[in-house]
J.: 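Take a look at this one; I'll ask things after.
Quick note: residue numbers are just sequence positions, from 1.
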Amino acid sequence: MSQPRADQLDPTVLAALGHLELVARWVVDGFVTGMHRSPRKGFSVEFAEHRPYMPGDDLRYLDWRIAGRADRWVVKQFEEETNARAMLVLDVSASMQWTSDPARLTKLAYAERLAAAVALLLLRQRDAVGLVRFDATLRHVVPPRSQRTQWRRLMAAFSEPGGGNSSDVAGALLQAGRLVRRPGFVVLLSDLLADPEPVADAARTLRARGHEVLVLHVMDPAERDFPDSGEARYRDPESKIEVPASPSDVRTTYQATVQEALAEWRAALGRAGARYAVAMTDEPFGRPLRHLVGVNGRGAMI
């Protein structure tokens, strides 16, 4: 009997079995079967960066000067060899640190594991990937690189604490787009507690610069379903506004409002040329990963 794939497991169960780095590796290993392409696209004359030599690399690109001076084996990597450049834009504001059930991952914990899986998948195919963590300002920036050491930089960034009470989604998108020097990918993971139009305008600007924009709307199931919890007071974690209500009185209206909001996001980002998908924190990582990692027009993943 075959073992279940990690990308198809309950995310809470999977997260309980290992830390973020290990979960990302398990998810990618489970997901990547059958999704291979050549990591080498040829070369150009424009030097991009060095990376450590790996068995099987063409010795013509070994930098003999560095090998002779520093006893380090590195190969030259050229712009066209670095297949793609991507920035992961992760919302770490207070609302992302919420869960409706202590046994379930917070939106931030879920998004971090998914972002780590996307980053690892890109690095394994020798693409350059970076990370922006933001709330109202940019909390942490890791410029896109494709070296093996980039994985450690990203893991260190993910371990940083969460952010403040509000978020500037549009501003973070624009800042991230400036860090990708040539047309690449900008992947936003956020609960999107923001106005759609400024975010769509930012996505449109990135599209005009040649970037592909992918937006993953991370939601807790209770935000969609509004379960019955008796008389309660509901507080916005960012604005701190509290509203007393009985779920049975407002559920139908609430659910209709949520569906309208999702439709508004989908339409606004669609008009801007961005890809949009919703991810619930109780669904296996493989499903949103399939939305984020597809096959583009160049035959490349993501």
J.: Within a strict 4.5 Å, meaning less than it, do heavy atoms of the V215 and L173 side chains meet?
T.: no
J.: Kindly indicate whether the side chain of W151, heavy atoms from C-beta on, has any atom under 4.5 Å from the side chain of R25.
T.: yes
J.: Which atoms form the tightest heavy-atom contact between V89 and A176, and what is the distance?
T.: CG2-CB, 3.5 Å
J.: Are E197 and R204 ion-paired here, with the side-chain N under 4.0 Å from a carboxylate O?
T.: no
J.: Taking the ring of F285 and the ring of F31, is the distance between their centroids below 6.0 Å?
T.: no
J.: Answer whether the closest heavy-atom distance between the side chains of F185 and D127 falls below 4.5 Å.
T.: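 Side-chain contact under 4.5 Å: no.
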J.: Is H217 close to Y276 at the side-chain level, that is, under 4.5 Å between some pair of heavy atoms?
T.: yes
J.: Considering only heavy atoms from C-beta outward, does the side chain of V187 approach that of L216 to under 4.5 Å?
T.: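 They are not in side-chain contact.
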J.: Ignoring hydrogens, what is the shortest heavy-atom contact between A277 and H291? Give both atom names and the distance.
T.: CB-CG, 3.7 Å
J.: Before giving the answer on salt bridge (Lys or Arg N to Asp or Glu O under 4.0 Å), spell out for R271 and D201 the whole-Å C-alpha distance, their side-chain angles and the decisive distance to 0.1 Å.
T.: CA-CA 10 Å; R271 289 193 297 270; D201 288 344; over 6 Å; no
J.: What's the separation between atom CG in L114 and atom OG1 in T281, rounded to the nearest 0.5 Å?
T.: 12.0 Å
J.: Please report the closest heavy-atom contact between G18 and W26, naming both atoms and the distance.
T.: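 For G18 versus W26, the nearest heavy atoms are N-CZ3, 4.1 Å.
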J.: Let me confirm one number: the NZ-OG distance from K107 to S95, rounded to the nearest 0.5 Å.
T.: 5.0 Å
J.: Of all the heavy-atom pairs spanning D191 and M96, show the shortest one and how long it is.
T.: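 Heavy atoms of D191 and M96 come nearest at N-SD, 3.3 Å.
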J.: Check the pair V141, L179 against side chain to side chain contact (heavy atoms under 4.5 Å, CB included), reporting the backbone distance first and the verdict last.
T.: CA-CA 9 Å; V141 175; L179 294 171; 3.4 Å; yes
J.: Treating Q150 as the side-chain partner and V129 as the backbone partner, does any N or O pair qualify as donor plus acceptor under 3.5 Å?
T.: yes
J.: Check the pair S93, D91 against side chain to side chain donor-acceptor pair (under 3.5 Å), reporting the backbone distance first and the verdict last.
T.: CA-CA 6 Å; S93 61; D91 185 347; 2.7 Å; yes
J.: Taking the side chain from T99 and the backbone from P102, do they hold a donor-acceptor pair closer than 3.5 Å?
T.: no
J.: Given 3.5 Å as the limit, does a donor-acceptor pair link the side chain of E283 with the main chain of M280, or not?
T.: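 Looks like yes, one N/O pair under 3.5 Å.
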J.: Any heavy-atom pair between the side chains of L188 and F134 that's under 4.5 Å?
T.: yes
J.: Can you tell me how far CG of D135 sits from CZ of R133, rounded to the nearest 0.5 angstrom?
T.: 9.0 Å
J.: How many angstroms lie between CG in L131 and CE in M155, if you round to the nearest 0.5 Å?
T.: 9.0 Å
J.: Is V27 close to L289 at the side-chain level, that is, under 4.5 Å between some pair of heavy atoms?
T.: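 The answer is yes, as the side chains (C-beta and beyond) meet within the 4.5 Å cut-off.
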J.: Determine whether P183 and R209 make a side-chain contact, defined as any pair of heavy atoms from C-beta on separated by less than 4.5 Å.
T.: no
J.: With a 3.5 Å cut-off and no angle check, do the side chains of R104 and S100 form a donor-acceptor pair?
T.: yes
J.: Are any side-chain N or O atoms of R251 and backbone N or O atoms of Q255, one a donor and one an acceptor, separated by less than 3.5 Å?
T.: no
J.: Could you tell me the separation between the NE2 atom of H140 and the CD atom of E160, rounded to the nearest 0.5 Å?
T.: 5.0 Å
J.: What distance do L262 atom CG and E223 atom CD have between them, rounded to the nearest 0.5 Å?
T.: 10.0 Å
J.: Can R113 and E21 be counted as an ion pair, charged N to O under 4.0 angstrom?
T.: no
J.: Check step by step if side chain to side chain contact (heavy atoms under 4.5 Å, CB included) holds for V132 and Q175.
T.: CA-CA 9 Å; V132 167; Q175 291 281 357; 5.9 Å; no
J.: Where the side chain of R5 meets the backbone of G30, is there a donor-acceptor pair that is under 3.5 Å apart?
T.: yes
J.: Look only at the side chain of D168 and the backbone of G171, and say whether a donor-acceptor pair between them is shorter than 3.5 Å.
T.: yes
J.: If you look at every heavy atom in A194 and W265, which pair is closest and at what distance?
T.: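 The pair with the smallest heavy-atom distance is O-CZ2, 3.2 Å.
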J.: For the residue pair E112 and L20, what are the closest heavy atoms and their distance?
T.: CB-CD1, 3.7 Å
